[in-house]
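Residue numbers begin at 1 in each chain, while the letters A, B, ... track the order of the sequences.
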Amino acid sequence: MAKLTIPEDELMSPGHMGCLGCGATLAMRYVLKAAGRRTILSIPACCWAVMPGVWPNTCLQVPELYTPFETTGASISGIRAALDATGQNDVNVIGFAGDGGTADIGIQALSGTADRNDDVLYIMYDNEAYMNTGIQRSGSTPIGAWTTTTPVGTTGSWEKSPKKNMVAIMAAHRIPYVATASVAYPEDLIRKVQKALTIKGTKFMHIFAPCPTGWKMDPGLSIKIAKEALSCRAFNLFEIEGGSYKINMKPKKTSLKEYLFKQGRFKHMPEDLINELETDLDRAYDELLRLESLSLERAKVPDA
Amino acid sequence: MTSDPFTFLVGGKAGEGVKSAAGSAADLFSEMGRHVFQMDDYQSLIRGGHNFSMVSSDIEPIWSHHSKADLIVCLDQKSYDLHKEHVSDRGLVVLNEGAVEGEGAFVPLIKEARKYPKPELRLGLGAFTVLCAVMGMPEDDLKRILEREYPKDREVNLAYGLSIYHATNESVGQRFDPRPGTFKGSRILTGNEAIALGAASAGLDVYYAYPMTPSSSILHYLAAHDRDLGVEVVHAESEIAVINMAIGSTYVGARAMVGTSGGGFALMDEAISLAGMVESPILSILSSRPGPSTGVPTYTAQADLDFALGRGFGEFPQIVASPGSVEEAFYLASEMLDLVWRFQTPGIILTEKHLSESAMNVKLDVERASYPQPLMHTSGEYKRYSLTDNGISPLLFPPSPQMIKWNSYEHDEAGITTEDAGTIEKMADKRLAKEKALIRQMIGMRTVNTFGGGPVIMTYGSTTMSVMEALRISGIEAKVIQPVYLRPFPVWEMKAYMKESPVVVEQSCSGMFARLLREKAGITASHVIRRYDGRPFDPKELSERLKEMI
């Protein structure tokens, strides 16, 4: 019999209030499976502030502190400091925030946490816009996307700036562990959370979490689209441990255009913009390959 | 068969087209020349929430929705369970056959929809068609209206709509006959849209915001119409960025506005104080929901009155006003933009979810909107904070051959930092002088609305609409006093009512507005009618409470 690689314990019970095909609910479920019961969560305004449920529904079986939008980093730092002060060192402290709450309004507090290297895990689940408040663009919205604040219309006012690279920003803080993960690859995601929780200091994970509602796509496609995001290089799976890069999956390249056109939010994108984006994503992937080989070379050189 | 007002309620799950059905109903009544009020009630949930919308209409001006509906269309069981008691005496409940159990007329809304792709998405259209049928609309009119209201996927929608039309005619037939009115040529706007249009009419150049319910629809509306209105729209990364970007824009002469709710406005506080010091004309929209903190994001409250009146640290003039209707929201936005530019100081339009997101049909006169005419520097050496009798220093914007400094540190007339005792005092006096000039200006303006005559009722903001409708339908004779401006408080008008013991109506549990009346104008309420469960007052219930008191 095959070995069960995903922990059996369910800390997210049925009855969440997310949409059909929600990637963020899977992200939470896997993170909690990996982290276990001795976990405290801090959650700012985001879909996950709503999805645990309104009475009589409540689906998270771990303690949660709901915190203002811009404060997740500060909030988990405070929780850790108090646990340290009271000698409780067997508790995982996890911040679980969306991309807007991380890349936009929460980046200052997160930077402070990372700068102090506080012993916490910060997770950004990335659905590439403010989905809970009505699909407004965030710093993590990719070029070309429709949102209610980049409404396309007749004026072509789709998202104009590239997706903010949160992983690079966090890696630049020289924290011990930074990783990406995707809800399409639960074993990889769970392994990374478990590894992160064994490392002391600030850990950051960027989890790709499709949102059928905001991406205007068939809810049945969530996992498929997350897989395609990886193969078309819109999202890459890698980890940076102690400054060393390792790419976890290198699938055969597939068409970016096909990935985009499965989602209503990209339907209007002109050919030249798609080509431009493809060049940009390919270049980013090449850079990642180079960083990985550089890391391997460095590992071969014995310390002087 | 006829009696006004007529109320249509449609309820269902999020994503079933409840709001669009109500929007179509509002269009229909408006096209008939009737006055319309639409209120959407939805939960801050992504899925599984119960949404309902109500459209009340009348041939006379109507100020509020009514909780008792004449036609209730229940798309899901929860709608029936929640609203079965809300049917009026002559009312009709229509149930989605096969999906809802209960007493009423069954119409095969989902059964017919299942013949087509994405059946749930068509239910709103079905509910709207039920309304058309029970109003006795001829088939040709229905076709025309469905094509206009649901232009996407036209063939299927028409076929589905007609099947519901015939089914409704069979099971219910014509039940209502709302009369056509004379209010033609109006347009339906929410309070937020009216604020956006009012500011745009007053020459708004840039709108900055970060999403926060119930203010977000200003951002959506302006983002969707940015080119038509000539307004640059920026969705920034936080409220701190939002307001400081806006101050930056005013420094170079652009008319800027920001919008948020309580939590976001709290983040803007430091910058409000900065605007007071550098004398930046910033207009903020604060749309309230029940707090504290996250509170109940998609519901209504008037519990941010004290917060709105006490922004920023330090002493500087501020203007706070609150509109009492969609129409007033339009003119007030333009007037406030004008005022903040005339007096170069921050201003707040305080409103609530109930006005922000409710819709009325209105006729607006864009020419009546004020256009900011700030005092500009004309000749000679420029000093940003030159001392004048009324405290208002002429403006000049960089880039310029002159030196223009806006300084958050206390400064002299040129804007150079100072710690000199005499200058500190002079500058504080200058800001105080602006406040006095502002009051002189306001004395010549309409700062308080009064309606009717008789025993006095005092209210403000969106609750004004509930009070007006309660009086209208009950025939209670009373004088409604609604201060539009709340800071500076128009004591020059309100002191006339010092001897009155009014009934105060507001949506705050501690009675913030009653306290303001007492503190500012020495007016002591005989009764304070409060509602603080997140829901707006129902006019019928309110009229019954008013009857007991006056």
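Minimum heavy-atom separation, A/R137 to B/H235: O-CE1, 2.5 Å. Across A/P151 and B/A223, no two heavy atoms sit closer than the pair CG-O, 3.5 Å. Closest approach of A/D104 and B/E237 over heavy atoms only: CB-O, 3.4 Å.
The shortest distance between side-chain heavy atoms of A/T149 and B/L219 falls below 4.5 Å.
Under a cut-off of 6.0 angstrom, the local environment of CZ in B/R187 is sparse, with at most 12 non-hydrogen atoms contributed by other residues, nucleotides or ligands. No more than 12 heavy atoms of other residues, nucleotides or ligands lie within 6.0 Å of CD in B/E270, so this atom counts as exposed by the packing criterion. The environment of NZ in A/K33 is crowded: more than 12 heavy-atom neighbours from other residues, nucleotides or ligands sit within 6.0 Å. Counting non-hydrogen atoms of other residues, nucleotides and ligands closer than 6.0 Å to CD of A/Q61 gives a total above 12. No more than 12 heavy atoms of other residues, nucleotides or ligands sit less than 6.0 Å from atom NZ of A/K224. A 6.0 Å sphere centred on OH of A/Y66 holds more than 12 heavy atoms belonging to other residues, nucleotides or ligands.
Of residues 289-299 of chain B, not one residue has a non-hydrogen atom less than 4.5 Å from any non-hydrogen atom of chain A.
For A/E70, the part sitting under 4.5 Å from any heavy atom of chain B is the side chain, from C-beta outward, and nothing else. With a 4.5 Å cut-off on non-hydrogen atoms, A/F69 touches chain B through its side chain but not through its backbone. Contact of B/L267 with chain A is made through the side chain alone, with heavy-atom distances under 4.5 Å.
One distance of note links OG1 of A/T133 with NE2 of B/H220; it measures 6.5 Å at 0.5 Å rounding.
Using a 30° and 60° split on the angle between ring planes, A/Y130 and B/Y210 fall in the perpendicular class, above 60°.
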